[in-house]
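A short write-up of the structure that comes next.
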Amino acid sequence: MNLREHLYAIAVAGITAFTLACNPTRPAQGTTSERISALDADLNYCDSQLHRTLAELADSTGTIDYTLSPRNILAGEHHWNLRRVDKAEWCGGFFPGILWYDYEATADTAILSQARRFTQPLAFLAQTPAYDHDLGFLVITSFLNGYRLTGDEAYKQVLLACADTLATLFNPHAGTILSWPRHVRDYGGHNTIMDNMINLELLFWAADNGGADSLRQIAMSHADTTMAYHFHDEGIAYHVAVYDSIDGHFIRGCTHQGLADTTMWARGQSWAIYGYTMCYRYTHEQRYLSFAQKVADAYLKNLPADGVPFWDFNDPRIATTTLTDLTPSPSVAPRDASAACVVASALIELADYVDPDKAQTYLRVADLTLQTLRRPEWRGADSCPAFLLHSTGHHPAGSEVDASISYADYYYIEALIRARKHALESADKKKAEK
Ligand code: GLY
């Protein structure tokens, strides 16, 4: 056993001492109406944090620069670091997306107006060549939520134009979208990253809403090729797959943001779970549903008992980190609340598609995760206006480690809304059965 394998074995032994897999059938806490009240309180908390953010974004005359979007609050900081959205910054859609979800939860027309204003500066993407695959993240969060909630025809046109733009990155030889057209490290060839699965929604949606049917074919080719090559043992995702750009053959799987090429980087796995669940929603193809369960089960197998993963499941420090170690230090493995939220949201959807036993497991994990994130040590609360603390962006680069990050808040509020809807529907069902 070499050193890496030895550290890995220690980490696995440590993890299994407190993983969720030890007790996969523990019931969700509380009655349905108690869960709905708790979710209402969570959504109220998000709404009040969002008002704080909006107040902080305004200058002394009350004016907001809508081309600046909250991106992160680093450990120990108290205010959002902002990024310009007119440079196709990949996180630029999450803040408008949070506003759209808050509007959905509250029906507050002042929030609707802010959602519109933060969405509009991204409209330039409809007339701009693709910078990279993140175009999907940018407009699904902003324009697609906006269109879903308002039916605004102008939003639909932006989405259709952006879907065509995203499709220009498709390489028919490899069968996938080129995620990073610019030089990112020395991956060579045609690179595709797991995160890219999320962006297929733009293509599926466009094909269903007046766009070319070829957009659906591209999305399915990407999902199928990714399923064939982008995973190693038992449904664990590589972060990056490299294909030959000329003949398209798979060259290698590796990592960019994970610990090592074959470790399970938590957010990469979360994109896979969410991505294949979404593929099933749009296609009803059984293979995507089976695969969504396979990648979800690989993640759940070693998920800590509080439902929030460490940034990478194979970080050797996990062996000596307890679930209450949330203060950054060289000996503590950081957690990733963002991956927990992406997965919680995906599992609530996946539960609708699977058999009742599996559905119970998925719903219980989502519920447990939301219970954990309700605890004071996970919340921005008084210390900063983000909803959540303790996400990890790019650990190998030392960037956004143990931070509040806009995408964690986005998938958190999405998960809360999905969980509340699910709980209300099951309460209605129970009433009808009486
Ligand atoms: N590259 C997107 C992510 O950090 O998940």
Side-chain angles (χ1 to χ4, degrees), residues 4-28 194 197 226-227 230-239 253 255 257-277 280 288-323 333-351 353-372 392 415:
R4 181 180 292 284
E5 285 164 347
H6 182 67
L7 290 171
Y8 174 63
I10 294 172
V12 168
I15 298 164
T16 49
F18 51 74
T19 53
L20 203 56
C22 300
N23 190 2
T25 53
R26 200 172 71 188
M194 189 46 63
M197 283 300 300
T226 298
M227 198 153 76
H230 213 131
F231 291 84
H232 51 101
D233 312 336
E234 304 293 328
I236 297 171
Y238 292 113
H239 184 195
T255 198
Q257 283 166 255
L259 178 68
D261 291 348
T262 56
T263 61
M264 185 155 74
W265 174 47
R267 203 167 48 263
Q269 195 72 15
S270 80
W271 296 140
I273 298 166
Y274 193 109
Y276 282 99
T277 303
Y280 179 72
Y288 298 144
L289 180 56
S290 304
F291 203 67
Q293 292 174 76
K294 181 174 174 171
V295 296
D297 295 347
Y299 173 97
L300 296 184
K301 205 164 150 195
N302 286 314
L303 183 65
D306 63 5
V308 183
F310 292 92
W311 76 282
D312 188 298
F313 280 64
N314 302 114
D315 184 329
R317 292 171 296 180
I318 293 171
T320 52
T321 303
T322 70
L323 295 187
R335 309 291 284 278
D336 186 8
S338 76
C341 294
V342 173
V343 172
S345 184
L347 291 179
I348 296 164
E349 176 175 10
L350 190 52
Y353 308 144
V354 297
D355 69 61
D357 282 352
K358 211 81 197 266
Q360 275 317 307
T361 301
Y362 292 158
L363 289 173
R364 185 185 63 77
V365 175
D367 186 55
L368 180 74
T369 306
L370 296 178
Q371 281 176 45
T372 296
T392 298

- [ ] With the side chain counted from C-beta on, respond yes when K358 and D297 share a heavy-atom pair under 4.5 Å apart, and no when they do not.
- [x] yes
TODO: Kindly indicate whether the side chain of I318, heavy atoms from C-beta on, has any atom under 4.5 Å from the side chain of P304.
DONE: no
TODO: Would you mind reporting whether R317 and F310 have side-chain heavy atoms less than 4.5 Å apart?
DONE: no
Task: Contact summary for H232 and D261, nearest pair of heavy atoms - done: NE2-O, 4.3 Å
Open item on the list: With a 4.5 Å cut-off on side-chain heavy atoms, are R335 and L323 touching?
Closed with: yes
- [ ] Please confirm whether the backbone N or O of D306 pairs with a side-chain atom of T372, one donor and one acceptor, at under 3.5 Å?
- [x] yes
TODO: Could you check if a side-chain atom of L289 sits within less than 4.5 angstrom of a side-chain atom of V354, using non-hydrogen atoms only?
DONE: yes
Open item on the list: Is the shortest side-chain heavy-atom distance between Y274 and M197 below 4.5 Å?
Closed with: no
Open item on the list: I'd like to know if the side chain of D312 and the backbone of L259 have a donor-acceptor N/O pair within less than 3.5 Å.
Closed with: yes
Task: 4.5 Å side-chain heavy-atom contact, V365 and L368 - done: no
Open item on the list: Between Y276 and L350, is there a side-chain heavy-atom distance shorter than 4.5 Å?
Closed with: no
Task: Between F313 and Y299, ring centroids under 6.0 Å - done: yes
Open item on the list: Checking the side chain of S345 only, and the main-chain atoms of C341 only, is there a donor and an acceptor separated by less than 3.5 Å?
Closed with: no
- [ ] Sequence neighbours left out, what passes side-chain hydrogen bond (donor to acceptor under 3.5 Å, both in side chains) with Y288? Give chain and number order.
- [x] D224
Task: Y238 backbone acceptor or donor facing H230 side chain under 3.5 Å - done: yes
